[in-house]
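In what follows, a structure is listed as structure tokens, so that the remarks can point back to it.
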Number of protein chains: 2
Amino acid sequence: MKNIFLISQTFIPQVLTSNWSIDSKAISQADLLPARNGEKCTEQFLAEILQILFNHIKKTYDGKSKVLDFHHPHQLLEGLEGFNLELFDQPEPLEQILVDCSGTLKYSIKTGHPRYFNQLSSGLDIIGLAGEWLTATANTNMFTYEIAPVFIAMEEIVLKKMQEIIGWGENEADGIFSPGGTISNLYSLQAARYKYFPLVKTKGMAALPQIAVFTSEQSHYSFRKAASVLGIGTDNVIAVKCDERGKMIPSDLEDKIQKAERQGQHPFYVSATAGTTVFGAFDPLVSIADICKRYGLWMHVDAAWGGGLLLSKKHRHKLNGIERANSVTWNPHKIMGVPLQCSAILIWQKGLLQSCNEQCADYLFQMDKHYDTSYDTGDKTIQCGRHVDVFKFWLMWKAKGTCGFELQINKILELAEYLYNKLKSKPNFELVFHDKPECTNVCFWYIPPSLEHAPRDEEWNAKLHKVAPQIKARMMEEGTVMVGYQPQGDKPNFFRMVISNPASKKSDIDFLLEEMERLGKDL
Amino acid sequence: MKNIFLISQTFIPQVLTSNWSIDSKAISQADLLPARNGEKCTEQFLAEILQILFNHIKKTYDGKSKVLDFHHPHQLLEGLEGFNLELFDQPEPLEQILVDCSGTLKYSIKTGHPRYFNQLSSGLDIIGLAGEWLTATANTNMFTYEIAPVFIAMEEIVLKKMQEIIGWGENEADGIFSPGGTISNLYSLQAARYKYFPLVKTKGMAALPQIAVFTSEQSHYSFRKAASVLGIGTDNVIAVKCDERGKMIPSDLEDKIQKAERQGQHPFYVSATAGTTVFGAFDPLVSIADICKRYGLWMHVDAAWGGGLLLSKKHRHKLNGIERANSVTWNPHKIMGVPLQCSAILIWQKGLLQSCNEQCADYLFQMDKHYDTSYDTGDKTIQCGRHVDVFKFWLMWKAKGTCGFELQINKILELAEYLYNKLKSKPNFELVFHDKPECTNVCFWYIPPSLEHAPRDEEWNAKLHKVAPQIKARMMEEGTVMVGYQPQGDKPNFFRMVISNPASKKSDIDFLLEEMERLGKDL
């Protein structure tokens, strides 16, 4: 018995190891399926891959492991010992491929680590992960029922469930999973434009008045991206003021709509945010819905981040009014912990996506098929091929139940409140805003001893502005924890803490603050 | 010793099975990591998942297995025995999750089966698959180097390699992996528009003349989709005529450009196709490049399908002139057999994507980081979050070498020629065009005995039009083989055969034709 690979034997089925004696260096991808007799080699290779992945998963959840092992771009590009990114004419043996897989994970970020607080998406849900592995194995495309029957059916069921949770009646709405919240927001803006100005599809923007889009100054930058892509122009995205807490001020929205009309612009679209990126604020949806109704405007709710709260009886009131929206962006890959990517755009009008986007390509969407071709959903999209993003989400929903998501969301919101209370009690930390967190965002400054008693003038601000980036750099170098920072308006750089990983615990929050003090005290 | 799961024991590591005796029905996702002591349960669950996936892989490559087990949408939605898609409030035990995974694969299409010829993407490359599993396990996002260091470095290396293969000099070009060829084509059109009319970003299309886009009548429908999304309008996408073989006629391109100018339109963009979707035709790139130069137009090459031929010394001449293109779409997930999705947009101008798309969100693209932030590539895109599509491709390149891709591509092109020669020799089949295939597309009719000697009038055409859909329906019901069909212009429905799976063999081609005769002889 000889093991062909370097790494380990844990996962190797007994049936294989008993009569296996080929020189590992000679085994290459050409020995894998579909090679004749490639079955055993394939099984063993995949078992080795699983072992490597499982080692990564174990380290991800091991609180004693590091979040990352930082290297600069030039170091990775030049190559590290045993890990060279260059591509060659000749193949590498499978043994090297396994080493490359280990190397890739070694130098990657453990985004599922309980102390990875860097982005709105974090965690590593095992069921979701299994779902992604199956999706990859099924290796299909969402354009037709013909080639993705189960996934198309699942998408229908999951989207209906989401629509029902928003509060829309059965069969009233439509939707699609898209490659990320920014594209979902683009879908919404594009569908609204088509609804009000259907000529845009054939004649382009030349047939339209100067249309204007409204969204808060703290909303996501995707509306500017989308306006640029769609040919609306970023100048026609009008920023509505926010209160101190980051919520859109309805009276300013109304003022801005009237001002735009006076200037000859044609208001048609308002995006409210349910969970802003930095402050985690929920715009007042009911007041915004009233204004949209009064002025005949499309109301979108960007709930990419906050949408998950709809599943919590305790927290869903923060999104009251969302049922009046014409469209909703909701990213299960954020607060619900679904692996990347999983973003839905939901539209409260059946058929609009289809008529807005369909081009009826003969080679794909034949009408003379033997099944109900209304399930060929591919022509609803701005894509042609579309990745299967629904399966992992469906599988997680099966495994957790709706109530499992609720538990998970309540838990991370409690954790955010724990951090908030802790920060209030610590003199060397300062909150950016003073209300209890509505989502899991908590924004704060660490004030190093050198700044504690200094006068709070411009120089102080400039010094404080440099503190967060320096602490962040040290965190990255040490690899102990990751959290984001940014300035906002005239506020100097502050940390934005977000929690979306159900694996994070109070002790991880404690660690974060202690680590900031340790790394920042000499600044 | 007791196995907690239903499915099998093959992959269960010995270390686990020895002292495992929990009632399987009681085990749920809450027992998996990050649960305390969740390691063993997680390992066993993932080993079971691997077993299910491996069974699917084995069946995929087993020529005796079916390609699919067809059910109508209502059947899947209503639920099949032991496989119910409905979602509930309460969680299901892990045992049921494993059953659900098996069910999902049972009713899915085996897109890697050697007789799945239905789409341009097929096959199931084991290395690529392992790459996708790792990507899912790393679960990160391409927006910044900070959270995806290895993958960002790999993207740089792979894109450079592709640019070099196109024939562009080092450091002259830029690019990005995007969610599919349609979005890559949209990127190209959007970047070209910005290059000629930079005001579009802020002012929108209102600041532009009536711009016009040219592409052949047999090009992909994505240009119409993109023109609709971008606010250009589908009426401004002008279809250039093709010859009988499906290649764009350069003189007609020139006529159409002049005509558009006379009508007050502003021509700015030509897309040539290298490998059309239906005929697999390569447009004459050198002549088109000459015309683009003469009129000062952006030249795009949509090589989504045919790009892989660049890696073959024998076939790359078909793309001569591509090195003069301003942008190229190239989908490794098609003819190169990389798992879905993997599509690149390559642009022969450094920095254009960045200035076209950047919105400089503070919370993501901080300029005061401690590493070289030029590697934070996320602001080049129209997305914010972006799936890691590069790793599987990089890993396959490592494992095959450039020469491995070349072998693979030469092989499937030979197989297409085998089919072509075979069809020429069979009286009950008729080719749609009579030249040797340039890509792997072979288009043909099956002529059932009832039509063989009938006069070829309108009625004959109408009858023939119904033959392909009927044979396809029977194929689906029997599950033995899958191939696409469509009409084109006044040509009645014909089969479009494409080969992109290196697992397909001559015997699979033989089977396809025999099966068509068997299923179609009574029509």
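We name chains A, B, ... by the order of the sequence lines, and we start the count at 1 in each one.
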*Parallel, tilted or perpendicular: rings of B:His74 and B:His72 (30°, 60°)*: parallel

_Interface moiety of B:Glu86 toward chain A, non-hydrogen atoms closer than 4.5 Å_ = both

*Under 3.5 Å, is there a donor-acceptor pair between the A:His220 and B:Tyr363 side chains?*
yes

_Among the listed options A:Ile152, A:Ile211, A:Thr381, the residue most often paired with chain B at heavy-atom distances under 4.5 Å_ = A:Thr381

_B:Phe143 vs B:Cys384 side-chain heavy atoms within contact, under 4.5 Å_ = yes

*Which answer fits B:Tyr61, side chain, backbone, both or neither, if we ask what part of it has an atom under 4.5 Å from a heavy atom of chain A?*
side chain

*Please flag which part of A:Leu230 lies under 4.5 Å from any non-hydrogen atom of chain B: side chain, backbone, both or neither.*
both

*In terms of heavy-atom pairs under 4.5 Å with chain A, which of B:Thr202, B:Thr182, B:Asp235 leads?*
B:Thr202

*Can you list the steps and then say if B:Gln341 with A:Asn141 is a side-chain hydrogen bond (donor to acceptor under 3.5 Å, both in side chains)?*
CA-CA 9 Å; B:Gln341 292 185 330; A:Asn141 206 316; 4.9 Å; no

_For the interface with chain A, which of B:Gly385, B:Pro179, B:Pro339 has the highest count of heavy-atom pairs at distances below 4.5 Å?_
B:Pro179

*asked:* At a 4.5 Å cut-off on heavy atoms, which part of A:Thr104 comes close to chain B: side chain, backbone, both, or neither?
replied: both

*Can you say whether A:Gln210 sits under 4.5 Å from chain B via the side chain, the backbone, both, or neither, judging by heavy atoms?*
neither

*B:Leu53 versus chain A, heavy atoms under 4.5 Å apart: side chain, backbone, both or neither?*
both

_Under 4.5 Å from a heavy atom of chain A, the part of B:Ser121 involved_ = neither

*Does any heavy atom of chain B fall under 4.5 Å from the side chain of A:Cys356, the backbone, both, or neither of them?*
backbone

*Part of A:Arg224 within contact of chain B (heavy atom distance under 4.5 Å)*: both

_Does any backbone or side-chain atom of A:Asn118 lie under 4.5 Å from a heavy atom of chain B? Answer side chain, backbone, both or neither._
side chain

*Where on B:Leu32 is there a heavy atom nearer than 4.5 Å to chain A: the side chain, the backbone, both, or neither?*
side chain

*When only pairs under 4.5 Å are counted, which of A:Met154, A:Lys392, A:Lys201, A:Glu156 shares the most heavy-atom pairs with chain B?*
A:Lys201

*Does any heavy atom of chain B fall under 4.5 Å from the side chain of A:Ser222, the backbone, both, or neither of them?*
neither

*Answer yes or no: is there a donor N or O on one side and an acceptor on the other, between the side chain of A:Asn331 and the main chain of A:His333, under 3.5 Å?*
no

*Side chain, backbone, both or neither: which part of A:Tyr375 has a non-hydrogen atom closer than 4.5 Å to chain B?*
side chain

*Is there a donor-acceptor pair closer than 3.5 Å between any side-chain N or O of A:Thr60 and the backbone N or O of A:Thr111?*
no

*What orientation do A:His370 and B:Phe70 show, parallel under 30°, tilted 30 to 60°, or perpendicular over 60°?*
tilted

*Given that the side chain runs from C-beta out, which part of B:Lys203 has a heavy atom under 4.5 Å from chain A: side chain, backbone, both or neither?*
both

*A:Tyr371 versus chain B, heavy atoms under 4.5 Å apart: side chain, backbone, both or neither?*
both

_Proximal component of A:Ile49, with respect to chain B [non-hydrogen, under 4.5 Å]_ = side chain

*With a 4.5 angstrom heavy-atom cut-off, could you sort out which part of A:His387 is near chain B: side chain, backbone, both or neither?*
both

*Under a 4.5 Å heavy-atom cutoff, which of B:Thr135, B:Thr42, B:Val200 has the most pairs with chain A?*
B:Thr42

*Do B:Gln488 and A:Asp362 touch side chain to side chain, with heavy atoms closer than 4.5 Å?*
no

*Given that the side chain runs from C-beta out, which part of B:Leu199 has a heavy atom under 4.5 Å from chain A: side chain, backbone, both or neither?*
neither

_Can you confirm whether A:Ile127 sits close enough to B:Phe45 that some side-chain heavy atom of one is under 4.5 Å from a side-chain heavy atom of the other?_
yes

*Is it the case that B:Asp100 and B:Gln96 place a side-chain donor and acceptor less than 3.5 Å from each other?*
yes

*Going from CG on B:Asp89 to CH2 on A:Trp397, what distance comes out if it is rounded to the nearest 0.5 angstrom?*
9.5 Å

*Part of A:Val278 lying under 4.5 Å from any heavy atom of chain B*: side chain

_Is the shortest side-chain heavy-atom distance between B:Thr140 and A:Ser108 below 4.5 Å?_
no

*For residues B:Asn139 and A:Glu132, is any side-chain donor paired with an opposing acceptor at under 3.5 Å?*
no

*Return the set of residues passing salt bridge (charged side-chain N to carboxylate O under 4.0 Å, His left out) with B:Lys369 (not counting sequence neighbours), or none when no residue passes.*
B:Glu146, B:Asp376

_Per-residue contact mode, A:Asn493 against chain B (heavy atom under 4.5 angstrom)_ = side chain

*What part of B:Tyr145 gets closer than 4.5 Å to chain A, counting heavy atoms only: side chain, backbone, both or neither?*
side chain

*Interchain contact, A:Met396 with chain B, by part (heavy-atom threshold 4.5 Å)*: neither

*asked:* Counting only non-hydrogen atoms closer than 4.5 Å, does B:Tyr485 touch chain A with its backbone (N, CA, C, O), its side chain (CB onward), both, or neither?
replied: both

*Excluding sequence neighbours, so at least two apart, what forms side chain to side chain donor-acceptor pair (under 3.5 Å) with B:Asp125?*
B:Lys400

*Region of B:Leu364 in contact with chain A, defined by heavy-atom distances below 4.5 Å*: side chain

